[in-house]
Amino acid sequence: MKSASSDTSSILSRAAVKSNIKLNASNFILGLVPERALPGPRPGQFFMFGIDSRKDPLLRRPFCYFRKEDGAIQILYRVVGRVTTLMTGLRAGETVEILGPLGNGYPDFLGSKAEEAGNGKGKTPLVIAGGVGLASVYPLLAGLDGRAHLFYGERTGASLLLVDELRRLSGQVTLATEDGSAGFKGTAAEAAKVFLKGRDKKDFTLYACGPNGMLKAASALGVDGYIASEEKMACGVGVCLGCAVKTAGGFKRACKDGPVFKIGEALFD
Amino acid sequence: MKSASSDTSSILSRAAVKSNIKLNASNFILGLVPERALPGPRPGQFFMFGIDSRKDPLLRRPFCYFRKEDGAIQILYRVVGRVTTLMTGLRAGETVEILGPLGNGYPDFLGSKAEEAGNGKGKTPLVIAGGVGLASVYPLLAGLDGRAHLFYGERTGASLLLVDELRRLSGQVTLATEDGSAGFKGTAAEAAKVFLKGRDKKDFTLYACGPNGMLKAASALGVDGYIASEEKMACGVGVCLGCAVKTAGGFKRACKDGPVFKIGEALFD
Amino acid sequence: MTDLRVGIGSLKLKNPVMTASGTAGYGAELAEFFDPSLLGALVMKGISLEPWQGNPPPRITETPCGMINSIGLQNVGLEMFLREKLPFARQWDVPVIANILGTSADEYVRLAAELDGAGVEGIELNVSCPNIKKGGISFGRDMAVFARLVGAVRKTVKSAALIVKLTPDAPVAEFARAAEESGADAVSLINSIPAMAIDVNTRRPLVKNVIGGLSGPAVKPIAVRMVYQASRAVRVPVIGMGGITEGRDAVEFMLAGAHAVAVGTAIFSDPMAPLKILDGIRAYMENHGIKRVSAITGSVRT
Amino acid sequence: MTDLRVGIGSLKLKNPVMTASGTAGYGAELAEFFDPSLLGALVMKGISLEPWQGNPPPRITETPCGMINSIGLQNVGLEMFLREKLPFARQWDVPVIANILGTSADEYVRLAAELDGAGVEGIELNVSCPNIKKGGISFGRDMAVFARLVGAVRKTVKSAALIVKLTPDAPVAEFARAAEESGADAVSLINSIPAMAIDVNTRRPLVKNVIGGLSGPAVKPIAVRMVYQASRAVRVPVIGMGGITEGRDAVEFMLAGAHAVAVGTAIFSDPMAPLKILDGIRAYMENHGIKRVSAITGSVRT
Ligand SMILES: Cc1cc2nc3c(=O)[nH]c(=O)nc-3n(C[C@H](O)[C@H](O)[C@H](O)COP(=O)(O)OP(=O)(O)OC[C@H]3O[C@@H](n4cnc5c(N)ncnc54)[C@H](O)[C@@H]3O)c2cc1C
Ligand SMILES: Cc1cc2nc3c(=O)[nH]c(=O)nc-3n(C[C@H](O)[C@H](O)[C@H](O)COP(=O)(O)OP(=O)(O)OC[C@H]3O[C@@H](n4cnc5c(N)ncnc54)[C@H](O)[C@@H]3O)c2cc1C
Ligand SMILES: Cc1cc2nc3c(=O)[nH]c(=O)nc-3n(C[C@H](O)[C@H](O)[C@H](O)COP(=O)(O)O)c2cc1C
Ligand SMILES: Cc1cc2nc3c(=O)[nH]c(=O)nc-3n(C[C@H](O)[C@H](O)[C@H](O)COP(=O)(O)O)c2cc1C
Ligand code: FES
Ligand code: FES
């Protein structure tokens with residue numbers, strides 16, 4: 001008898017672990033080779049990631065598309081809880097499940113719709129990354145042709161990731177640490193605020209990803225652009241309404257209506 | 001501040017996987033090197049085995065002490081469900097948790113209490129193993145000085161394990177298969193019954209391990225001796241009363257009052 | 001050849017697997033993964049007369065083998081449902097069951113009347129909602145209020161099958177019986193179970209609303225027990241749900257007495273879950289030589 | 001230096017961690033793993049007037065993140081308890097709480113009287129038992145019967161702390177309030193939740209008794225919610241339990257409103273669990289600069 005599921009098309013795929021590289025104590029890059037060719041992914045999109053089919057942990061976890069390298073899709077992950085801890089034990093050849101790419105991603109900033117999306121060549125892209133929010137904006141940097149000014153913040157200097165690479169990919173990099181142990185003392189959004197003082201905000205387009213507090217601060221900078229939400233998700237595909245982001249038009253779904261929202265659309269309180 | 005748990009002694013131990021050898025599609029031998037030296041174990045005792053500290057599967061699973069080899073404690077396991085399936089993925093160097101050895105084990109059949117336990121040299125030990133119940137009686141064979149007559153049954157010939165070795169360790173081996181594809185057609189207990197026909201049952205001592213139906217049949221052979229129960233267990237240490245075995249004196253605990261019971265003590269209905 | 005058809009009152013399903021309300025939106029997102037016509041029925045996210053905002057985030061948190069949600073019944077409201085969501089779902093060859101929410105009996109009756117007129121195949125009453133007139137205690141926990149509500153909606157509903165979704169924090173056998181006596185064509189259970197989790201570091205509840213609903217595999221043994229009790233209390237069909245993630249789980253509910261099953265939380269881990277569960281039921285029937293799926297219902301050997 | 005002491009009525013505990021009834025026998029087996037004096041209290045396996053056989057096997061089955069048991073309250077009976085088990089437990093410097101079971105109010109009263117006279121520090125009423133006079137519905141689900149039972153036992157108990165263990169299949173806030181009004185010194189919750197699992201291959205229930213009690217991490221979010229609700233309904237202390245396996249879980253119950261906690265199913269996976277949980281609470285207090293464990297109780301920020 002023919003299986004019903006074989007009739008259908010989806011972007012759920014088993015993927016082989018190609019590499020699992022430790023950057024420092026709590027940050028890793030996982031390289032995955034999906035069994036099925038996946039469309040895209042575009043910067044700002046994400047995958048729902050499942051370590052195995054055991055029922056605890058139950059839900060998949062969202063991780064941004066970080067980059068492609070050596071024929072693998074890579075994600076940059078930070079160890080904060082149960083799944084990310086289990087991920088550190090993954091070894092090349094093991095199999096995981098990914099669903100994606102999901103979400104809208106950043107607007108098509110270099111193609112034909114660039115002007116309309118506020119990404120005209122005349123504007124300087126300001127990219128703000130708080131912590132592992134870096135994973136979301138990283139693929140933007142390459143796409144932005146080395147013109148971006150990146151503000152990247154961590155709690156402390158030792159936590160800063162991939163700094164040399166970021167400098168190569170960006171026009172300018174401002175590092176920020178909350179304890180002042182490296183770069184600007186404060187958050188990445190505060191560093192951007194200082195930078196913007198006296199400048200014409202119309203000359204810039206903003207791209208920001210990080211914790212909600214940071215997105216709020218970035219939204220308040222007065223620069224047009226985009227923020228990417230990292231609201232908790234259960235399904236990642238728009239059916240559970242778990243990932244509510246407050247907007248003027250009511251709650252929207254980070255996973256399906258986002259994760260990228262125009263600045264001003266998503267409200268933070 | 002001093003941790004309370006460091007004051008205490010127990011036989012809970014992390015253990016390193018030394019080897020995980022596949023005998024056939026569904027039977028494996030797992031070699032474990034406990035971090036702490038464990039007392040014993042004696043034939044018929046068991047360990048509660050935990051694959052990891054994730055909460056699903058939640059409970060530890062009981063496995064018999066099979067043998068010591070290459071400085072490792074080995075268990076023989078059959079893949080029947082969730083934990084045993086996960087066990088097949090264990091690789092040398094990984095860590096698991098074991099609690100044990102637990103339970104009473106078979107009586108001291110060769111030492112000073114041998115006569116009293118009905119193990120006098122004048123008697124021939126009959127050992128009956130149904131399926132992976134083999135793991136329980138295996139360490140008896142060596143202890144019984146090669147005098148035992150082993151009746152070992154499986155559903156089909158291809159499932160029979162370690163036959164050459166069993167022949168080396170036993171005085172005589174009778175294989176039985178339910179489908180008749182090897183040896184006696186029927187169960188191990190039925191094979192023993194045929195063997196006993198016309199013989200004086202007082203000349204024998206019985207040791208049996210296998211599913212409840214087989215233990216019932218073995219208990220009905222009219223030979224004195226012991227059966228080892230494999231009743232489902234939650235704790236393995238006597239606190240949950242989950243592993244009830246019916247006896248004339250009410251329910252007893254397979255884990256603490258057993259798993260070895262004198263024939264006639266445990267009742268099967 | 002396996003016969004997977006089941007009947008829920010007037011409702012004829014081509015197989016016993018449906019989506020659980022609130023876990024499949026109005027069908028559109030799932031349709032990106034598979035053809036909804038393959039399912040027994042599509043149960044829609046709960047609908048109220050007016051659109052509801054729902055609760056502020058965080059709305060979800062994972063718990064051992066389960067999750068808590070406090071979506072707060074966010075929905076597009078009846079008008080938008082009738083104008084956009086229902087017509088869209090009509091493109092698939094699958095019965096549509098609307099799930100309705102009110103804060104007064106009157107609201108339920110008006111919703112049921114409109115939807116029945118609009119031609120949905122089933123109407124599921126979510127009685128876990130707070131009854132504003134009764135000081136916020138849910139319709140599903142006060143027997144007299146509950147029976148009156150079901151009776152009133154029964155009078156309104158002419159063509160659709162009327163399904164009453166029982167609350168798991170009330171004695172289900174008694175409420176199932178009351179639903180049947182008040183005219184329900186079927187009962188469904190379980191809804192999510194009131195639950196709470198706290199982040200020990202921030203000391204804050206992990207869902208903003210403090211208390212939310214527990215669902216997923218963790219609740220399955222409670223749900224199977226309730227389905228067993230409810231199905232022995234009534235003659236109308238029972239739709240079972242709560243933690244179904246594999247075909248085997250669905251069979252377990254049917255053995256306990258369910259005529260059909262719904263898949264909820266499992267969709268979140270795998271949008272294809274309903275189809276995989278259907279495949280699993282089919283495989284089980286083939287392995288066990290069962291020709292008609294309805295033969296499984298209630299056949300647990302106690 | 002952390003102060004771990006808590007008071008449950010007249011009962012002074014050196015720390016808030018106890019064993020849950022039925023999961024630590026009468027203490028002897030656990031003592032092979034650690035010194036029971038290190039615990040706040042030892043709660044004994046439930047005791048009835050006469051010895052009870054308990055249910056036939058299989059009595060246990062694993063479920064997602066939990067287990068179902070149908071031990072059927074097997075116990076040695078009051079006489080043997082007083083003659084052997086209690087004196088043995090007296091060797092440790094730890095308060096002993098007896099857990100009692102009856103099928104009539106009279107049985108409860110007689111048990112309480114004997115145990116109070118024998119000098120146990122606490123008596124916990126397990127009201128989930130079927131009330132024979134009331135057709136088998138448990139004492140814990142009929143409010144009037146429940147209040148009368150607690151009142152009657154209250155009159156009998158002079159020296160021990162009287163703890164009433166609430167049933168999770170009844171509205172806990174209301175029953176907690178009734179227990180307090182009837183004179184309970186404390187309430188404890190939750191008991192295991194009625195549940196069922198079926199082996200789809202044999203079609204038989206996985207515990208012989210058909211329905212058993214669900215415990216373990218799966219029930220934790222339900223238990224935390226109930227502790228939260230109960231603790232806000234009463235002034236007497238609340239003892240929280242249900243799925244506690246780590247120090248963090250215990251803290252979660254205390255944040256929700258528990259004064260002390262009990263560890264049950266976790267002991268089955270690790271006999272040292274109660275001590276490890278105590279260590280975890282201590283570590284949490286040190287990390288968060290909390291001096292007195294009682295400061296945690298009820299401090300969830302809602
Ligand atoms: C669209 C999107 C994209 C994302 N992209 C990335 C990315 O590219 N890289 C990345 O690293 N992250 C990313 N994240 C975040 C990532 O999804 C989370 O870090 C991940 O889900 C954490 O899973 P976990 O199981 O490890 O943590 P969990 O165990 O689920 O815990 C989450 C948090 O809660 C805490 N916690 C857990 N249990 C308890 C408890 N009982 N009491 C108190 N506290 C507790 C943990 O310490 C942790 O801080 C993204 C999120 C979204 C929504
Ligand atoms: C004292 C003692 C000693 C033992 N020694 C050994 C030994 O040395 N070697 C050995 O191999 N075994 C031994 N056993 C048996 C062993 O403990 C079990 O095989 C093991 O616990 C199975 O664990 P599991 O997680 O793989 O199976 P589980 O997943 O727990 O399943 C057990 C059984 O139930 C079935 N099942 C699981 N879930 C479902 C469901 N939802 N519906 C229907 N059926 C289901 C499985 O197919 C399987 O048959 C011993 C048992 C005892 C009590
Ligand atoms: C995110 C979410 C939203 C839900 N919304 C509704 C709803 O609107 N109406 C309803 O009757 N039940 C709702 N439910 C309950 C489910 O329909 C189902 O009864 C419950 O989740 C148990 O099934 P499960 O364990 O398979 O998820 C919701 C459940 C979840 C998880
Ligand atoms: C095997 C077993 C036996 C139990 N016996 C009793 C009992 O005799 N009396 C009682 O009040 N509760 C009994 N309980 C309930 C526990 O005390 C506890 O309330 C419940 O298991 C929830 O806690 P846990 O999840 O930590 O196990 C028992 C639980 C289990 C698992
Ligand atoms: S995570 Fe489910 S709707 Fe966004
Ligand atoms: S397994 Fe718990 S008493 Fe034997």
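So you know, we letter chains A, B, ... as the sequences are listed, proteins then strands, and number each from 1.
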- [ ] Using the side chain to side chain contact (heavy atoms under 4.5 Å, CB included) rule, take Ile211(C) and Tyr228(D) through it: C-alpha gap first, then chi angles, then the decisive distance, then the call.
- [x] CA-CA 10 Å; Ile211(C) 291 176; Tyr228(D) 176 74; 4.2 Å; yes
- [ ] Begin from the C-alpha positions of Ile222(C) and Ile222(D) and carry the test side chain to side chain contact (heavy atoms under 4.5 Å, CB included) through to its verdict.
- [x] CA-CA 12 Å; Ile222(C) 301 173; Ile222(D) 300 173; 4.0 Å; yes
TODO: Start with the C-alpha distance between Val200(D) and His288(C), add both sets of side-chain angles, then the distance that settles side chain to side chain contact (heavy atoms under 4.5 Å, CB included), and finish with yes or no.
DONE: CA-CA 10 Å; Val200(D) 296; His288(C) 288 74; 6.0 Å; no
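Residue Tyr284(C) touches chain D through its side chain alone, counting heavy-atom pairs closer than 4.5 Å. Only the side chain of Val210(D) comes within contact range of chain C, judged by heavy atoms closer than 4.5 Å. Of the two parts of Asp249(C), neither the backbone nor the side chain holds a non-hydrogen atom closer than 4.5 Å to a non-hydrogen atom of chain D.
Contact record, Leu255(C) with Ile198(D): CD1-CG2, 3.7 Å, taken as the closest heavy-atom pair. In this structure, Met196(D) and Val300(C) approach most closely via the heavy-atom pair CE-CG2, 4.4 Å. Summarising the geometry of Arg203(D) relative to Ser299(C), their closest heavy-atom pair is NH1-OG, 2.8 Å, with the distance given to 0.1 Å.
Listed options Pro171(D), Pro205(D), Ala197(D) were ranked by heavy-atom pairs under 4.5 angstrom with chain C; first place goes to Pro205(D). Between chain D and the options Val224(C), Thr245(C), Asn287(C), the largest number of non-hydrogen pairs under 4.5 Å is found for Val224(C). Contact tally against chain C (heavy-atom pairs below 4.5 Å) for Gly216(D), Pro194(D), Pro217(D): the top residue is Pro194(D). Comparing Thr63(C), Ile68(C), Asn201(C), Thr61(C) by heavy-atom pairs within less than 4.5 Å of chain D, the highest count is held by Asn201(C). Contact count versus chain C (heavy atoms, under 4.5 Å) is highest, among Pro64(D), Pro221(D), Ala223(D), for Pro221(D).
With rounding to the nearest 0.5 angstrom, the NZ atom of Lys220(D) is 11.0 Å from the CG atom of Leu214(C).
Note on Glu174(D) versus Arg141(C): salt bridge recorded, some NZ/NE/NH1/NH2 to OD/OE distance being below 4.0 Å. Taking a cutoff of 4.0 Å between a charged side-chain nitrogen and a carboxylate oxygen, Arg204(C) and Glu252(D) do not qualify as a salt bridge.
Remark: the Thr202(D) side chain and the Arg301(C) side chain contain no N/O donor-acceptor pair separated by less than 3.5 Å.
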